[in-house]
Amino acid sequence: MLLVVLDLVGIAVFAISGALAGVRARLDTFGVAVIGVTTALGGGIIRDVLLGVHPPATLRDWRYLLVPIVTSLVVFWLHPQFAKLRRGVLLADAVGLGLFTVSGTATALAHDVPSYTACLIGMTAGIGGGALRDVLLREIPMVLRKEIYALAALAGGVVVVVGEWSRFPAGPTAVVGAALIVTIRLIALWRRWNAPTAPGIGT
Amino acid sequence: MLLVVLDLVGIAVFAISGALAGVRARLDTFGVAVIGVTTALGGGIIRDVLLGVHPPATLRDWRYLLVPIVTSLVVFWLHPQFAKLRRGVLLADAVGLGLFTVSGTATALAHDVPSYTACLIGMTAGIGGGALRDVLLREIPMVLRKEIYALAALAGGVVVVVGEWSRFPAGPTAVVGAALIVTIRLIALWRRWNAPTAPGIGT
Amino acid sequence: MLLVVLDLVGIAVFAISGALAGVRARLDTFGVAVIGVTTALGGGIIRDVLLGVHPPATLRDWRYLLVPIVTSLVVFWLHPQFAKLRRGVLLADAVGLGLFTVSGTATALAHDVPSYTACLIGMTAGIGGGALRDVLLREIPMVLRKEIYALAALAGGVVVVVGEWSRFPAGPTAVVGAALIVTIRLIALWRRWNAPTAPGIGT
């Protein structure tokens, strides 16, 4: 039950990032709703395709569609406020990455894939929706740009796997994993904790 | 049998839209053929992946490849005429969306997925090929731009599902569903029946 | 055993092309590693999704991740030398296309799909990683641009299928198929053996 709530929060949070990106790209209501839904559901659908879950879970439960549609429309109508809250949006995006990576890793472990594979599938679930959003809007995906992103997701996935090995309760493990991802992302954002660009090509 | 013919017509129609987009992007013969085939088969492959049909049906029947290759090459050689028939192409694109959404929804229902899921998978089948075309050619996908697109597809999928519930014959239901999608798309195109952009950012 | 080595060589080779493209796009260390890994593993993951192999083989064996990460980082640190070796890189890319198409076709045949389907899935495996790389970096995929690419892959896939029909030993068949692809690609690159652009639109 807690997991479903967390899942829906993650979906809402990614819908916000997708819808705001859509507003910036000057999409109309429908376009903003479509990009919000795609961003929110993309990672989970990719995860389920990799795990062989047919049809993907997010296409079977109407709440998984209702939440991002409503969220996207709210973002569309209120976007001036949201745009001013850019820090809040980046926070939300980081929270989404944390929740989805952790739930993706846990879902993969529940399907009896090896720990190593579960980490990679969790990372993909966390990164996938945002990458899809950026490709559809012709941006270079955030995971490729100047911020620690894939590594943050990987760290969270490792926490979930180690928790599973140690037979820790799943709830606290998930919270710690997600918190770790969010923390790394926020430090990266606020300290511009970026890796150097390749030597010799400048910035 | 009728369904296969309709399917092939839909594939030819999407191949036309893909090949023309390729000619506009100044691709050579091979590139035009590849983008035509990708546009024509993309939606069906995505549908089958979501449904767990392995390998995808469109990769098993040589007609599903021959039709878009021949169509793309014909478009390549005749493209000046086609370019003048832009209205005809938009009509064809709308017809393709209609046929693919309806056949995708019906295929999903035949795989015993819930009605709700079937609608979403049908939408994805109808939208997928065109979105792939636009991403590969670095356009923002049509489904995100200023025309009612996803909603038209959804309406047609709902018709198929309601027809199934009511135990209507599948043939007429499919025709009505596809016609509804095509009609909505054409009204949107010709009346510029667009939704407003977000308040405060102008056009 | 030989096949695994060839597979890892193909992965390293595609990682080089992805990492170099990432360096050109001015990505940082993390971005270069992510695009290198994505390019190297993308084709195999798409192949396994189409074949219904869950989870994809490249997500189960740590060597398939270690090789492209190390390769990408080496490219990142040494890139001036690599950039001067552009011909070497194009050679490597062609070798990667050859190895992946052939191994993809053979893998598909081993999963008992029809020969025709195996050819198409092999092509997709060979082309997929590079197409993903180009889409993520906002390039028009190489397979759509001015060089024979899809056709070269198809030719190699046909060799593998014909070898299977003729009950030829798999090893030599794979070598001949890959060599054919590489040869066609190199002739295309060096002779600018390009197809004409559509009549009437110039270059």
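Note that this is a predicted model, so its numbers are computed, not measured. So you know, we letter chains A, B, ... as the sequences are listed, proteins then strands, and number each from 1.
B/Val135 touches chain A through its side chain: at least one heavy atom from C-beta onward sits under 4.5 Å away, while N, CA, C and O do not. Proximity to chain B involves both the backbone and the side chain of A/Val34, based on heavy atoms less than 4.5 angstrom apart. For A/Asp48, no part lies near chain B; criterion is any non-hydrogen pair under 4.5 Å. For A/Ile45, the part lying under 4.5 angstrom from a heavy atom of chain B is the side chain only. Only the side chain of B/Leu151 comes within less than 4.5 Å of a heavy atom in chain A; its backbone stays farther off.
B/His54 places a side-chain heavy atom less than 4.5 Å from the side chain of A/His54. Counting only heavy atoms from C-beta outward, the side chains of A/Asp28 and B/Leu144 never approach each other to under 4.5 Å. B/Ile140 places none of its side-chain heavy atoms less than 4.5 Å from the side chain of A/Leu136.
Counting non-hydrogen atoms of neighbouring residues, nucleotides and ligands closer than 6.0 angstrom, the OH atom of A/Tyr116 exceeds 12 such neighbours.
A distance of 4.0 Å separates CD1 of B/Ile148 from CZ of A/Phe30, quoted to the nearest 0.5 Å. The SG atom of B/Cys119 lies 10.5 Å from the CG atom of A/Leu65; values are rounded to the nearest 0.5 Å.
A/Arg138 places a side-chain N or O within 3.5 Å of a backbone atom of B/Arg138 that can act as its donor or acceptor partner.
With chain A as the partner, the residue from B/Thr117, B/Ile127, B/Asp134 showing the most heavy-atom pairs under 4.5 Å is B/Thr117.
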